[in-house]
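Chain identifiers are assigned alphabetically (A, B, ...) following the order of the sequence lines, protein sequences preceding nucleic acid strands; residue numbering begins at 1 within each chain.
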Number of protein chains: 2
Amino acid sequence: MQGKSDRAYHHGDLKRVIIETAQDMLREEKGWQFTLREVARRAGVSHAAPYKHFPDKSALLAELATLGFNEMGRQIALELERQFRSPHAEFIAASKAYIRFGTTTPSLYRLMFSADVDKSSFPNLDEAGNNAFALLLGILDRGQKSGALKKQPVRAQAAAAWSLLHGFTMLSIDGQLLHDKVGTKPIDVVLTCMLEGFEN
Amino acid sequence: MQGKSDRAYHHGDLKRVIIETAQDMLREEKGWQFTLREVARRAGVSHAAPYKHFPDKSALLAELATLGFNEMGRQIALELERQFRSPHAEFIAASKAYIRFGTTTPSLYRLMFSADVDKSSFPNLDEAGNNAFALLLGILDRGQKSGALKKQPVRAQAAAAWSLLHGFTMLSIDGQLLHDKVGTKPIDVVLTCMLEGFEN
DNA sequence: CAACATATGTTTTCACTGTAAACATAGAGC
DNA sequence: GCTCTATGTTTACAGTGAAAACATATGTTG
């Protein structure tokens, strides 16, 4: 195993490098129109090499999306480790972490919800998404049990919360929630509206 | 002007035909990966002909998105012509029309909010989107003036409502709000949640 | 009404893409 | 040490968006 030597016929760690290169390009450009060949070029391998690790481009995109859901979950979970004075505060904190993830890595976030990655073809992706959703369910469930939130079917409540967060994030990425259109600090207003609908 | 004769060198109405063909393909496939050449083939013209009407593919997509916003606005406006017992009912009706448009023409709806159509490059597109947003502003404004809704900055309230609708629509299209994940009739729960946050 | 400018078509050409197939080589297990 | 397999490379192909050169209607103008 020659490892990372510069001119090894067998790269040794190509899959990781391909993923990281693709992640870079996803950040640099504003979408996932980057070509597999360009990824290969930047990784310093032949244009066919990536196909030894991913059957096609959509498989690579699915991998990026899966990693994205995992990372998003990690960031939200990290936020949730803090102590909160109330379920209200916990919900706000998690929501802001969600929105921050989306607006900080817009192309990735978009990719995660794009029709170009088919969840039914990539079970890992579907699972990663569900794990993130479970965090939201947990927050609302705790809120209901504490009496702070209305007792509603928690999954329906979660659908509402997720819809709001997803919509807000997407519109923000889109630049549709700029000041002159929507006023200042829409994030707080928006989250407050939702919570007032939730709370007792 | 030979008009629609089958074998005219000058088609006479190509732009419209190209748009309609592209609209068809947008409905048939699940995205806008269709090629300009395929559009041309189906329209029965050479593969370069579309370039006489659209500088590039993104311009055609922008046109489709613009028409989409206009059509969505039309459908919502049509719904609003009815008489409503309350601002509440009016909001619900408009929301359902919005969501229906999105879930009925998912690819088009996705395109309208895709990064592949750059609003800053296509002023018409931006304007069409703003017109649709204005409908929402009107509903909330009337609701506030009637005393049914809280007096909040109406644009911020609209941001919240739009976020919820957009998120719900996108997640529905994505198949993320299916029964086992989220319960029955999430649409009603979701809209109710939001409205309870809005109302006095 | 003839001539021409322009709008709208077609053909040809190009660089590039995703992907498949054939081939090469390094490392792992026998 | 030999072979198998995983992981590379090279070569090949059909198809793409787009530009350029060319063709033909159409409508304007003398």
Side-chain angles (χ1 to χ4, degrees), chain A residues 1-22 25-26 28-65 111 114-118 121-122, chain B residues 1-22 25-26 28-65 111 114-118 121-122:
Chain A
M1 155 78 133
Q2 195 173 348
K4 329 218 145 147
S5 152
D6 228 34
R7 266 289 129 207
Y9 190 98
H10 283 89
H11 183 290
D13 205 21
L14 223 205
K15 184 167 186 176
R16 178 178 295 345
V17 170
I18 287 171
I19 290 174
E20 285 169 0
T21 305
M25 298 179 76
L26 195 55
E28 291 165 19
E29 317 191 10
K30 68 170 183 182
W32 45 98
Q33 323 80 326
F34 62 78
T35 70
L36 268 195
R37 289 170 103 110
E38 179 64 21
V39 172
R41 249 169 258 137
R42 284 176 56 154
V45 294
S46 76
H47 66 258
Y51 286 91
K52 298 296 168 172
H53 299 275
F54 302 95
D56 55 24
K57 186 180 174 183
S58 82
L60 172 57
L61 293 180
E63 176 87 32
L64 297 183
L111 175 64
S114 150
D116 291 347
V117 299
D118 179 8
S121 309
F122 300 97
Chain B
M1 159 76 137
Q2 195 169 356
K4 327 220 144 135
S5 154
D6 230 33
R7 267 290 130 208
Y9 190 97
H10 283 89
H11 184 289
D13 205 22
L14 223 206
K15 183 165 186 178
R16 175 173 266 77
V17 171
I18 288 172
I19 290 174
E20 285 169 1
T21 307
M25 298 179 78
L26 195 55
E28 291 164 19
E29 316 190 10
K30 69 169 180 180
W32 46 98
Q33 323 78 330
F34 62 78
T35 70
L36 268 195
R37 290 169 101 109
E38 178 65 20
V39 172
R41 249 170 257 136
R42 285 175 56 155
V45 295
S46 76
H47 65 257
Y51 286 92
K52 298 295 169 173
H53 299 274
F54 302 94
D56 56 23
K57 186 179 174 184
S58 82
L60 172 57
L61 294 180
E63 175 89 31
L64 297 183
L111 175 63
S114 152
D116 291 348
V117 299
D118 178 9
S121 309
F122 300 97

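Between A:His53 and A:Ala49, the shortest heavy-atom distance links the atoms CD2-O, 3.8 Å. Across all non-hydrogen atoms, the minimal contact from A:Asp116 to A:Trp32 is OD2-NE1, 2.8 Å. The two residues B:Glu29 and B:Gln33 make their nearest non-hydrogen contact at OE1-OE1, 4.3 Å. Of all heavy-atom pairs spanning B:Leu111 and B:Leu64, the tightest one is CD2-CB, 3.9 Å.
Both B:Leu14 and A:Ala48 sit near DNA chain C, but only B:Leu14 has its closest nucleotide nearer the 5' end.
Within residues 54-64 of chain B, no residue approaches DNA chain C, by heavy-atom distance under 4.0 Å.
One finds the CG atom of A:Leu14 at 12.0 Å from the NZ atom of A:Lys52 (value rounded to the nearest 0.5 Å). Between A:Thr21 atom OG1 and A:Leu26 atom CG the span is 12.0 Å, to the nearest 0.5 Å.
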I'd like a list of close polar pairs between nucleotides 12-16 of chain D and the protein, N/O only, cut-off under 3.5 Å.
from: D:dT16; atom 1: OP1; to: B:Thr35; atom 2: OG1; distance (Å): 3.4
from: D:dT16; atom 1: OP2; to: B:Arg41; atom 2: NH2; distance (Å): 2.9

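Under the 3.5 Å distance criterion, the side-chain polar atoms of B:Lys57 are matched with a main-chain donor or acceptor of B:Phe34.
C:dG18 atom P lies 12 Å from atom CD of A:Gln33, rounded to whole Å. Atom NZ of A:Lys15 is separated from atom P of D:dG8 by 12 Å (rounded to the nearest Å). In this structure, A:Tyr51 places its OH atom 11 Å from P of C:dT17, rounding to the nearest Å. Spacing between atom NZ of A:Lys52 and atom C1' of C:dT25 amounts to 12 Å, rounded to whole angstrom units.
Partners of A:Arg37 under the salt bridge (Lys or Arg N to Asp or Glu O under 4.0 Å) rule, at least two apart in sequence or in another chain, do not exist in this structure.
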